[in-house]
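Following: one structure in structure tokens, then a few remarks.
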Amino acid sequence: MGEYIDDSIEETERRFDSQYTINEVNLLGEGTYGKVYKARFNRTGQTVAMKKMKLGSEDEGVPSTALREIALLKELNHENIVKLVDIFCSCKKLVLVFEFLENDLKKYMKSLGRHLAPEAVKNLSLQLCRGIEFCHSNRIIHRDIKPQNLLIDHRAEGGRIRLKLADFGLARTYSIPVPRYTHEVVTVWYRPLEILLGSPLYSVPVDLWSIGCVIGEMATSSPLFGGDSEIDTVFKVFQKLGTPTVEQWPGLSELPDFKPTFPKWAHRGWENIRNTQAQVGATGIDLLEQLMVYDPKRRISARRALQHPYFADADRMEH
């Protein structure tokens with residue numbers, strides 16, 4: 001019986017592999033659990049991104065993060081979320097096949113000399129908020145929003161530039177009450193203060209802070225809080241947005257990594273943060289302020305962000 005099952009798995013694997021042509025030289029990226037290659041779906045000639053994960057012993061099985069990514073992506077069908085087109089899973093390996101997008105936001109900004117037009121900042125911000133609102137309405141927190149995980153499609157319908165959320169490896173479905181999640185999430189520059197200061201509980205507002213960081217980066221052409229460690233990032237936040245007080249953020253003093261001896265900086269004002277005023281205007285600054293409220297309970301939701309006046313004319317703009 002065991003031999004029959006093994007043969008079936010091997011046959012299925014051979015059949016799956018024969019559907020794709022993969023060039024091992026075309027390595028697109030490497031993560032904790034495996035490598036991503038550029039490949040071709042032989043039947044249509046379509047280019048795809050193939051994420052190959054080698055599994056450890058049979059006892060270990062598929063990593064929970066990988067299973068989570070599969071379950072989440074199968075549920076999410078939205079124009080601003082990368083599409084999972086095929087899956088192969090056995091006790092030895094897991095392969096996820098995604099639609100292929102040439103660019104991510106980091107590379108796209110670099111190709112433009114890191115300068116985006118104000119209309120592009122607005123439209124990409126709107127698409128990012130739409131993708132996250134869809135995630136949150138499906139009870140999913142992404143937890144790793146950063147330019148490298150935002151894919152850019154130049155060939156979208158009508159010649160428009162489409163932004164798509166990718167890499168749901170750290171995403172979690174959330175429930176009430178919110179369980180204690182790991183803190184090894186969200187690249188440190190885009191990590192909200194509640195996580196940086198050790199809050200044992202957090203929820204969907206973490207994604208909204210990260211969105212604020214990305215919008216700010218698109219506006220200023222460089223990361224807002226480019227610290228070289230967690231504490232350095234905390235101080236970068238304080239230097240720009242001011243050291244928080246317990247009046248602003250009830251419960252701040254109870255956070256494990258908060259220290260009353262932290263240096264006291266005043267808010268610099270967004271108008272004094274490079275290019276922000278020119279790039280997003282007064283309404284954009286108001287949205288940034290609501291996205292980057294220190295107290296997560298007071299931070300704007302994705303749904304409310306979509307209704308913000310900053311986006312009032314976004315759909316009429318050409319990229």
Side-chain angles (χ1 to χ4, degrees), residues 29 31-32 65 68-69 72-73 76 78-82 98 101 103-109 116 120-153 161-174 181-196 199 202-220 222-227 230 233 236-237 241 280 284 287-288 290-294 296 299-306 308 310-311:
T32 313
T65 52
R68 201 181 295 147
E69 182 165 333
L72 297 180
L73 282 170
L76 299 180
H78 189 273
E79 64 181 5
N80 297 123
I81 294 172
V82 73
F98 297 94
L101 297 175
N103 243 340
D104 61 42
L105 182 58
K106 185 178 181 181
K107 290 180 195 163
Y108 180 61
M109 288 179 66
L116 294 177
V121 173
K122 182 176 292 191
N123 206 280
L124 292 169
S125 300
L126 176 65
Q127 293 185 58
L128 175 53
C129 287
R130 281 179 175 158
I132 283 299
E133 195 279 328
F134 187 77
C135 289
H136 291 180
S137 66
N138 283 278
R139 309 187 69 75
I140 290 160
I141 313 171
H142 187 282
R143 302 200 306 167
D144 197 21
I145 296 168
K146 57 185 176 182
Q148 298 94 311
N149 285 342
L150 303 175
L151 302 184
I152 300 291
D153 183 4
I161 296 168
R162 178 83 64 218
L163 177 145
K164 299 195 179 204
L165 277 162
D167 204 339
F168 283 72
L170 287 172
R172 290 295 299 262
T173 51
Y174 66 91
Y181 296 133
T182 171
H183 284 127
E184 293 310 308
V185 298
V186 188
T187 303
V188 71
W189 295 352
Y190 308 92
R191 192 178 295 181
L193 269 187
E194 62 265 31
I195 294 181
L196 288 168
S199 173
Y202 57 86
S203 188
V204 289
V206 299
D207 285 343
L208 279 304
W209 176 278
S210 301
I211 287 174
C213 292
V214 171
I215 296 174
E217 184 165 339
M218 287 194 288
T220 63
S222 59
L224 285 177
F225 313 120
E230 290 197 6
T233 303
K236 290 276 197 302
V237 173
L241 305 185
V280 301
L287 176 60
L288 280 169
Q290 294 190 56
L291 287 166
M292 308 192 86
V293 170
Y294 283 147
R299 205 171 293 152
I300 194 171
S301 68
R303 186 162 296 167
R304 290 205 343 269
L306 287 171
H308 193 276
Y310 175 60
F311 293 129

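Predicted model only: the values in this text are computed from it and were never measured.
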Is the backbone of [Y] close enough, under 3.5 Å, to the side chain of [X] for a donor and an acceptor to pair up by distance?
X      : Y      : value
Trp189 : Gly227 : yes
Asn138 : Phe134 : yes
His142 : Val206 : no
Asn80  : Leu163 : yes

Please tell me if the side chains of [X] and [Y] come closer than 4.5 Å, counting only heavy atoms from C-beta onward.
X      : Y      : answer
Arg299 : Pro192 : yes
Leu128 : Ile145 : yes
Leu241 : Phe225 : yes
Leu126 : Leu306 : yes
Ile152 : Leu124 : yes

Where [X] and [Y] come nearest, the two heavy atoms and their spacing:
X      : Y      : result
Glu79  : Arg162 : O-CD, 3.4 Å
Tyr108 : Asn103 : N-OD1, 3.8 Å
Pro296 : Pro205 : O-CG, 3.5 Å
Gly216 : Leu288 : N-CD2, 4.0 Å
Ile300 : Leu208 : O-CG, 3.2 Å
Lys236 : Gly226 : CE-O, 4.0 Å

* **Counterpart residues, side-chain contact (heavy atoms from CB on, under 4.5 Å), relative to Lys106 (two or more places apart)** =>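 In terms of side-chain contact (heavy atoms from CB on, under 4.5 Å), with neighbours along the sequence ignored, Lys106 is linked to Asp104, Pro147, Gln148.
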* Contacts of Ser301 that satisfy side-chain contact (heavy atoms from CB on, under 4.5 Å) - sequence neighbours left out -> Arg303, Arg304
Gap separating the [atom1] atom of [X] from the [atom2] atom of [Y], nearest 0.5 angstrom:
X      : Y      : atom1 : atom2 : value
Asp207 : Leu291 : CG    : CG    : 11.5 Å
Ile81  : Leu151 : CD1   : CG    : 12.0 Å
Asp144 : Arg191 : CG    : CZ    : 9.0 Å
Ser210 : Ile195 : OG    : CD1   : 7.5 Å
Tyr310 : Ile215 : OH    : CD1   : 6.5 Å
Leu116 : Met109 : CG    : CE    : 5.0 Å

* To do: Start with the C-alpha distance between Met218 and Leu105, add both sets of side-chain angles, then the distance that settles side-chain contact (heavy atoms from CB on, under 4.5 Å), and finish with yes or no.
  => CA-CA 9 Å; Met218 287 194 288; Leu105 182 58; 4.0 Å; yes
* Go through the steps for His78 and Leu76 under the test side-chain contact (heavy atoms from CB on, under 4.5 Å), then give the verdict. => CA-CA 6 Å; His78 189 273; Leu76 299 180; 5.8 Å; no
* I would like to know whether Asn123 and Ile161 meet side-chain contact (heavy atoms from CB on, under 4.5 Å); could you show each step before the answer? => CA-CA 9 Å; Asn123 206 280; Ile161 296 168; over 6 Å; no
* To do: Determine, step by step, whether Val237 and Trp209 satisfy the side-chain contact (heavy atoms from CB on, under 4.5 Å) criterion, reporting the C-alpha distance in whole Å, the side-chain angles of both residues, the deciding distance to 0.1 Å, and the verdict.
  => CA-CA 12 Å; Val237 173; Trp209 176 278; 3.9 Å; yes
* **Counterpart residues, ring pair (Phe, Tyr, Trp, His ring centres under 6.0 Å), relative to Tyr294 (two or more places apart)** => none
